[in-house]
Structures are given as C-alpha cells and as structure tokens.
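Residue numbers start at 1 and run along the sequence shown. First listed ligand is number 1; within each ligand, the first listed atom is number 1.
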Amino acid sequence: MENDATLTIGENAYALNIIEGTESEKAVDISSLRKQSKFITFDDGYGNTGSCESSVTFIDGDKGILRYRGFDIADLATSSNFLETSYLVIYGELPSANELDLFKERVYKFAKLPDEVISAIHAQPKNSHPMGVLAAGLQSLGGAYPHYCTNDRKADLDCFDESAALIISTVRTIAATRHRFLLNEGVPESNPTASYCQNFLSMMFGNDSSSEDIPASVINALDLIFLLHADHEQNCSTSTCRMIASGGANPFASLAGGVSALWGPLHGGANMAVIKMLNQIHDAGDDGSRFIESAKQGKTRLMGFGHRVYRNYDPRAKILKSACDDALEALGVSSPILEIARRLEEEALKDPYFVERKLYPNVDFYSGIILQALGFPTDMFTVLFAIGRTPGWLAHWKEIAETGKKIHRPRQIYQGSPLRPYSALEKR
Ligand code: CMC
C-alpha cells in the first residue's frame, strides 16, 4: 500500500505510507515525517513502535499466539527439540536429516573453550554475577576467534555458520566453567555421543563426561525450556542485539550486549525474581493474599506476571505449567513454592486489578520452579534464559547483517537546560 495514511498537524496534511505484514499487522511508515513536517513521533518505551520488518517470529499478544518461522510454539514444543528449533530460527526452514547432522556436528565440535577464554572466566571477580561472566566470556570468545569477529559484515557473514555453532555450543560451557570454578572443580570433557542438554548437565553437575545417570525427564525438561525461549521478536535484549549489529558489530559483541540487556529483573532476570518472591511469601507464612494486595497497591510487582505484548496467557507459560508438574513428578521433588505459585495464579486471574490490566502469567512464572528442581542455583536462571535465547539473537544478527541498511539511531525530545554560559570554578 502506498500513501494510504494522512496525518494532519494544524493546517498541514502529510501523506504517509502504510506497511502491511504477512499476518495483516499494519504500520504507518513515518520515516519521511520529519523531512516533510519537522515533527518526529514520540513513543516512550517503544510500546507502539515497529523498529524493523522481520521474518523470524510472529506474536499475536491479544490471542496468545507465538510462532517461530510460521511454526506454532505448541507444535514445536511437542515435536521438535532445542537444536532443531535453533536451526529453524536461525536459517528459516526445518533442516533435512543431513542438514541437522551437519549442524549438530558443528555445535558439538566446539564444546570445549580455548584456554585463554577459560582464564578470562576464572579471572572475573568472585562476586561477579553469572550474567556478567557470560557477557565477558562471549567477548573473550570473540577475541579467541578473531577471524569470526572482524566487524566486516561480509567477512562475519561468510563464517557465520561456524561462529553461530561456536556460540550456541559454548554459552553452556562458559556457564558451566564459571559454576564449577566457584566450587573449585573442573568441567568434565564433553561427550560426543550425548545430546546438547545431556552434555550441559554433565558439565554442570557430573563427575566425568558420562551422562548415563541423568534421567531423560531432566534432560527433556531443560531442552523444552531452551526451546521455549529460543526467540521472542523485538524484546529488550533482542532489540539491543540488533541495535549493536546495526552499527556493524560482530555477533560476539552483539550477543554480549543482548546478555547484558536480558539481565534486568523486568526482562530475563524475572525468573530469578519469581523464586525470590515465592520464597519470601513462603517464609512470611503468607498464603499469597498479602503479597497480591501489596502488588495491587503498587508497593511491589507480582513477578512472572504481565507482559508488554501478551494481553492474554503467555503460550510458553501454558506449556511450562504442565511441564512443571511432569518434571517435578518425574524427579520425585515436592515444591512448597509450586503450591504458592498455583495459588497466586488462581487468585490473580480472578482479581479485577489483574483482569482489567490483562495481566497473566508469563514464561518466567513457572520456569524458575523447574530450574530449581533440576538443581540449578538461582543466580544462574537468567543464564539459562540466555542459553535458550542464543539462536534468536543469532537469527536477528544475521537478519540485520543480510538486510539492514541503516544504523539504528532513535531521536529524542530534549527537555534540558537552554544554552547557558560556562561559569569558572571559583564563581560557582
Ligand atoms: N504486578 C503488578 N502490577 C503490574 C504488573 C505486575 N507484574 N505488571 C504490570 N502491572 C501494572 C502496572 O503497575 C500498571 O498499572 P497502572 O495502569 O495502574 O499504572 C499496568 O499494570 C501496566 O503496566 P506497565 O508497567 O505499563 O506494563 P509494561 O508493558 O510496561 O510492562 C512488564 C511489562 C513485563 C515489564 C511488567 O508487566 C512487569 O514488570 N512484570 C513483572 C516482571 C516480569 O515478570 N518480567 C518478565 C517478562 S516476560 C519475559 C521477558 O520477556 O523477559
């Protein structure tokens, strides 16, 4: 559609194009507005701003729909696995058997970290958060593979298949290396016959590379969590990653930025915050009702609830809720905080405050309970989100590198001091 919108400001009318997406989403293209009118648009927090056209993920937040490359998340959760879904998210199609074998081979061959990256991980201050270590680890990894990390878009794209496999493989090794270092332990060698998640679990918790003693239910639960996090279109960390990539930066730097953006409690850090919240409620002997009241009064937030895009049940939370029951049963673990979570959900879903604001459980509400049952320390939960999100960040880096033309550079409305003269120090 061309010139289908008219914006009237005062006496002037400006013709603007309308862009329509493949799922009939519509946008007014305001890229020529400033040139025509000297006006920019203003959208604090970008809630109503499309920053790009993308073919990776589709979300309909009102209906609670999430699709990677056209495939419904529930179908992928039932029938696919994390590595196959990673291939789909990154390359746009489900792989043939041969393509999948080659992809896995590339991922598995990179499981081990170069010694200098291990040293860089060990050298981080002992109180560094695992997310800080992951960001630093990714930057060091780029340094250890300078030919994958040139900041020359064509060169970085030419070796993308290798660098993407390297990053997918080693995000788990970086996480496990740090975890074991703090315990004064080494990481067992990766086992070439074991799956991605089997290897990760044995790197984290095993005594050697044999992972036979890890129950399939544990491996499957972790794989599902990673798959459900694989992409989520233009969220805070992915937008950060794309912004960095738009300046021509390599995948390692772009993903390190994505990791930093994910860290915050309103984004990926919410999975840690949920567990802290549930423990607090438990320790206070609250059945959840006092906490809900204080959230309604704006004194706190019900972590794991609400979403910028979903005004409906987050489809990932729906899947994780039932996976949570299965995983805990298979592990033979009973979780008092699961009971509290269920009660909070039940209460919130019938409370007018939450109903009117369309606040539903999001992906973080149940994922932390599963991760805790699997034995992961709470401060690593966001790292696990990052491992799952890695293929999404890579897909968006690739999309920018292949199709992006402009550096991302929003404008602002300046609300500061007008021009004033500099005053010498002795006169202040
Ligand atoms: N508990 C209580 N009230 C809430 C919550 C919540 N979790 N979330 C939103 N509200 C209220 C908010 O106070 C506001 O009320 P009012 O209209 O009276 O001022 C209204 O709902 C709209 O909230 P908002 O902050 O304008 O919504 P947003 O779209 O900017 O924020 C959010 C989305 C996810 C940051 C927010 O819902 C939140 O802070 N949730 C808790 C943190 C969380 O679970 N984050 C994980 C998000 S999913 C994983 C990911 O993508 O990272």
When you measure from atom 42 (C) of ligand 1 to every protein heavy atom, which one gives the shortest distance, and what is it?
Met303 CE, 3.5 Å
Just to confirm my output: which protein heavy-atom neighbour is closest to atom 30 (O) of ligand 1, and how far is it?
Arg308 NH2, 3.0 Å
List the closest protein heavy-atom neighbour of atom 5 (C) of ligand 1: residue, atom name, distance to the nearest 0.1 Å.
Leu359 CD1, 3.9 Å
For Gly304, the ligand 1 atoms whose distance to one of its heavy atoms is below 4.0 Å:
43 (C), 44 (O)
Between Arg242 and His396, do the side chains contain a donor N or O and an acceptor N or O under 3.5 Å apart?
yes
May I ask you to decide if the ring planes of His267 and Phe385 are parallel, tilted or perpendicular, using 30° and 60° as cut-offs?
perpendicular
For Gly268, the ligand 1 atoms with a heavy-atom partner under 4.0 Å come out as 52 (O)
To the nearest 0.5 Å, what is the distance between NE2 (His307) and OH (Tyr360)?
14.5 Å
Which atoms of ligand 1 sit under 4.0 Å from any heavy atom of Leu266?
39 (O), 45 (N), 46 (C), 47 (C)
Ring-face cation contact, Tyr353 with Arg357, 6.0 Å cut, 45° max
yes
For atom 47 (C) of ligand 1, what's the nearest protein heavy-atom neighbour? Residue, atom name and distance, please.
Asn362 ND2, 3.6 Å
In the protein, what heavy atom is nearest to atom 51 (O) of ligand 1, and what distance, to one decimal place, separates them?
His267 ND1, 3.6 Å
Below 4.0 angstrom from a heavy atom of Tyr353, which ligand 1 atoms are there? Numbered from 1 as shown, please.
2 (C), 3 (N), 4 (C), 11 (C), 13 (O)
For Ser322 and Asp325, which I'm curious about, is there any donor-acceptor pair between the side chains at under 3.5 Å?
no
What distance separates Ile370 CD1 from Phe381 CZ, expressed to the nearest 0.5 Å?
10.5 Å
Kindly state each residue pair satisfying side-chain hydrogen bond (donor to acceptor under 3.5 Å, both in side chains) with at least one member in residues 104-114, sequence neighbours excluded.
Lys109-Glu162
Is a side-chain N or O of Ser294 found less than 3.5 angstrom from the main chain of Phe291, in a donor-acceptor match?
yes
Between Thr238, Leu302, Asn235, which one has a non-hydrogen atom sitting closest to atom 7 (N) of ligand 1?
Leu302
With a 4.0 Å cut-off on N to O distance, would you call Arg342 and Glu339 a salt bridge?
yes
For atom 18 (O) of ligand 1, what is the nearest protein heavy atom, given as residue, atom name and distance?
Arg357 NH2, 3.0 Å
Sub-4.0 Å atoms of ligand 1 with respect to non-hydrogen atoms of Ala270:
43 (C), 44 (O), 45 (N), 46 (C)
Could you tell me how the ring of Phe103 sits relative to the ring of Tyr87: parallel (under 30°), tilted (30 to 60°) or perpendicular (over 60°)?
perpendicular
Check ligand 1 against Asp364 and write out every atom of the ligand that is under 4.0 Å from a heavy-atom position of the residue.
46 (C), 48 (S), 49 (C)
of all protein heavy atoms, closest to atom 24 (P) of ligand 1 is Arg301 NH2, 4.2 Å
Ignoring hydrogens, tell whether any protein atom lies closer than 4.0 Å to atom 22 (C) of ligand 1; use the non-hydrogen atoms only.
no
Short question: side chain of Asn17, backbone of Val28 - any donor-acceptor pair under 3.5 Å?
no
Checking heavy atoms under 4.0 Å, the part of Lys296 that sits near ligand 1 is neither
Atom 41 (C) of ligand 1 sits nearest the protein heavy atom Phe305 O, 3.4 Å
Please report whether atom 27 (O) of ligand 1 has a protein non-hydrogen atom at a separation of less than 4.0 Å.
no
